[in-house]
Amino acid sequence: MKDYKTIWDSLSATFADASFVVGYLGDEEEIRSNGQHTANFLKSVLRIEPTDKVLEIGCGVARIGRELAPACGEWHGADISGKMIEYSRERTTGMPNVFLHELPETDLSIFNDGYFDCVYSTIVFMHLDKIEVFNYMREALRVLAPGGRAYFDTYNIVAPEAWQEFLKIIEAFPLGRRPGHVSQFSSPPEILKFMTEAGYTDVHVDDVNPQLVVTLGRRPAQEGFVRPTTALNQEVVDRLAAWKRQQEAEAGGEIGVTQAKTTAVVPYADWIALNEDIAAKDSYIVEVERVLEEKNRHIATLEKRVRQQDRLLGQLPVRVAARLSKPRR
């Protein structure tokens, strides 16, 4: 699984960086205007009431939460990036119904079952692998109260503008060098499948947007359900905190491999395991060498195909060869 925490902390080293990656936004005025537009949309489609407890997955710099919080009882922003949470906290200072949470992993395990009335995630799932997308949908259902509403969106591979973005990504990044955060794409049937298999009812999937596929769903009703009184599952929070303290103690301080954006990062647990077990370290090195060898073979195959194409073009009439060699638009 990708190290999403490191990826997004690296992309949000400064507030300007964070504002850019969450929507190509500039100054505070632009962030506020853009966030208000999205907040108004979500209030409408989710039918948010003044007493509702609302959770955003991937809150970024609180672009939406800063504007949505006054319209609900509680607004909770969750993000995998601690840097994003720092910026959100700065932007929501003095807002008593705002609660911010750094997710330790790509799930919602820190939250109690059935606490929230609404859960949403917008312009986030497109940056995740499909397994994480489906898992977040299931987790959102778990933390929703019976009858609670959910909204999600992502790039729609069959939408005209999204397809052009798909092609741009293919052209922009060489084979094997696609960054971990670059957008991925889905389709309406796939999102419908995810929502129904996750357990939502009243599922609606809309693909009229020229870029996005959006979906709404509800957690089924449940007789006798008692809503928890707190959002956080304190047992899980305490367990994760103890685990983190143990890691730091064993490390003897911070491991300085995550400071530079270009530095490869080894997860701490893997780092300890490799240093405690020489055989595991050797096995790891062998696996890296195998992957590099496989890549080299793939590159050699591509070079061979290019040489064959060059020979083929050399045998064609000049006018035909020139037409075939032009890049497709």
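In this chain, numbering begins with 1 at the start of the sequence shown. Remember, it's a predicted structure, so these values are computed and weren't measured experimentally.
Taking every heavy atom of both residues into account, Arg149 and Leu144 meet most closely at O-CD2, 3.5 Å. Summarising the geometry of Leu240 relative to Pro104, their closest heavy-atom pair is CD1-CG, 3.2 Å, with the distance given to 0.1 Å. The two atoms that bring Ile48 and Cys72 nearest to each other are CG2-CB, 3.9 Å, heavy atoms only. Minimum heavy-atom separation, Cys59 to Trp75: CB-CH2, 3.9 Å. The two residues Val61 and Ser88 have their closest heavy-atom pair at C-OG, 3.2 Å. Between Leu128 and Val133 the shortest heavy-atom distance is CB-CG2, 3.9 Å.
By the criterion of side-chain heavy atoms lying less than 4.5 angstrom apart, applied directly or through intervening Ile, Leu, Val, Met, Phe, Trp or Tyr residues, Ile64 is grouped together with Met95 in one hydrophobic cluster. Cluster annotation: Tyr200 and Leu192 are assigned to the same hydrophobic cluster (Ile/Leu/Val/Met/Phe/Trp/Tyr, side-chain heavy-atom contacts under 4.5 Å, transitive).
Note: His101 and Phe111 have perpendicular aromatic rings, judged against thresholds of 30 and 60 degrees for the angle between ring planes. The aromatic rings of His76 and Phe99 sit parallel to each other, their planes meeting at less than 30°, with 60° as the upper class boundary.
Salt bridge status for Glu139 with Arg142: present, with a side-chain N to carboxylate O gap under 4.0 Å.
Glu197 contributes atom CD, which lies 12.0 Å from atom CE of Met137 (distance to the nearest 0.5 angstrom). For the atom pair Leu46 CG and Leu68 CG, the distance stands at 8.5 Å (nearest 0.5 Å). With rounding to the nearest 0.5 angstrom, the OG1 atom of Thr122 is 8.0 Å from the CD atom of Glu56.
Contact check for Glu102 versus Met84: no side-chain heavy atoms found under the 4.5 Å cut-off. In this structure the side chain of Thr154 reaches within 4.5 angstrom of the side chain of Val213, judged on heavy atoms.
Between Thr6 and Asp9, the side chains place no donor N or O within less than 3.5 Å of an acceptor N or O (distance only, hydrogens not considered). When only modelled atom types and interatomic distance are considered, Glu132 and Tyr4 share a side-chain donor-acceptor pair under 3.5 Å. With no hydrogens or angles considered, a side-chain donor-acceptor pair links Ser109 and Asp107 at under 3.5 Å. Judged by distance alone, the side chains of Gln36 and Asn40 do bring a donor and an acceptor atom under 3.5 Å apart.
A search for ring-ring contact (aromatic ring centres under 6.0 Å, His included) contacts involving Phe194 returns Phe134, not counting sequence neighbours.
More than 12 heavy-atom neighbours from other residues, nucleotides or ligands sit within 6.0 angstrom of CD on Gln234. The neighbour count for Gln222 CD, taken as heavy atoms of other residues, nucleotides or ligands under 6.0 Å away, is above 12. The 12-atom threshold is not exceeded at NZ of Lys193, counting heavy atoms of other residues, nucleotides or ligands nearer than 6.0 Å.
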Check: residues 172-181 side-chain donor-acceptor pairs under 3.5 Å, at least two apart:
unit_1 : atom_1 : unit_2 : atom_2 : d
Arg178 : NH2    : Val182 : O      : 2.9
Arg178 : NH2    : Ser183 : O      : 2.5

Table please: side-chain donor-acceptor pairs of residues 155-170 below 3.5 Å, with sequence neighbours left out.
unit_1 : atom_1 : unit_2 : atom_2 : d
Asn156 : OD1    : Val158 : N      : 3.2
Glu165 : OE2    : Lys168 : NZ     : 3.4

Step-by-step ring pair (Phe, Tyr, Trp, His ring centres under 6.0 Å) determination, Tyr151 to Phe41: CA-CA 11 Å; Tyr151 167 91; Phe41 167 75; 5.5 Å; yes

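Geometrically, Arg219 engages Phe225 in a cation-pi contact defined by less than 6.0 Å to the ring centre and at most 45° from the axis.
Checked by atom type and distance alone, the side chain of Asp79 pairs as donor or acceptor with a backbone atom of Gly60 at under 3.5 Å. Side-chain atoms of Lys130 do not come within 3.5 Å of backbone N or O of Gln184 as any donor-acceptor pair.
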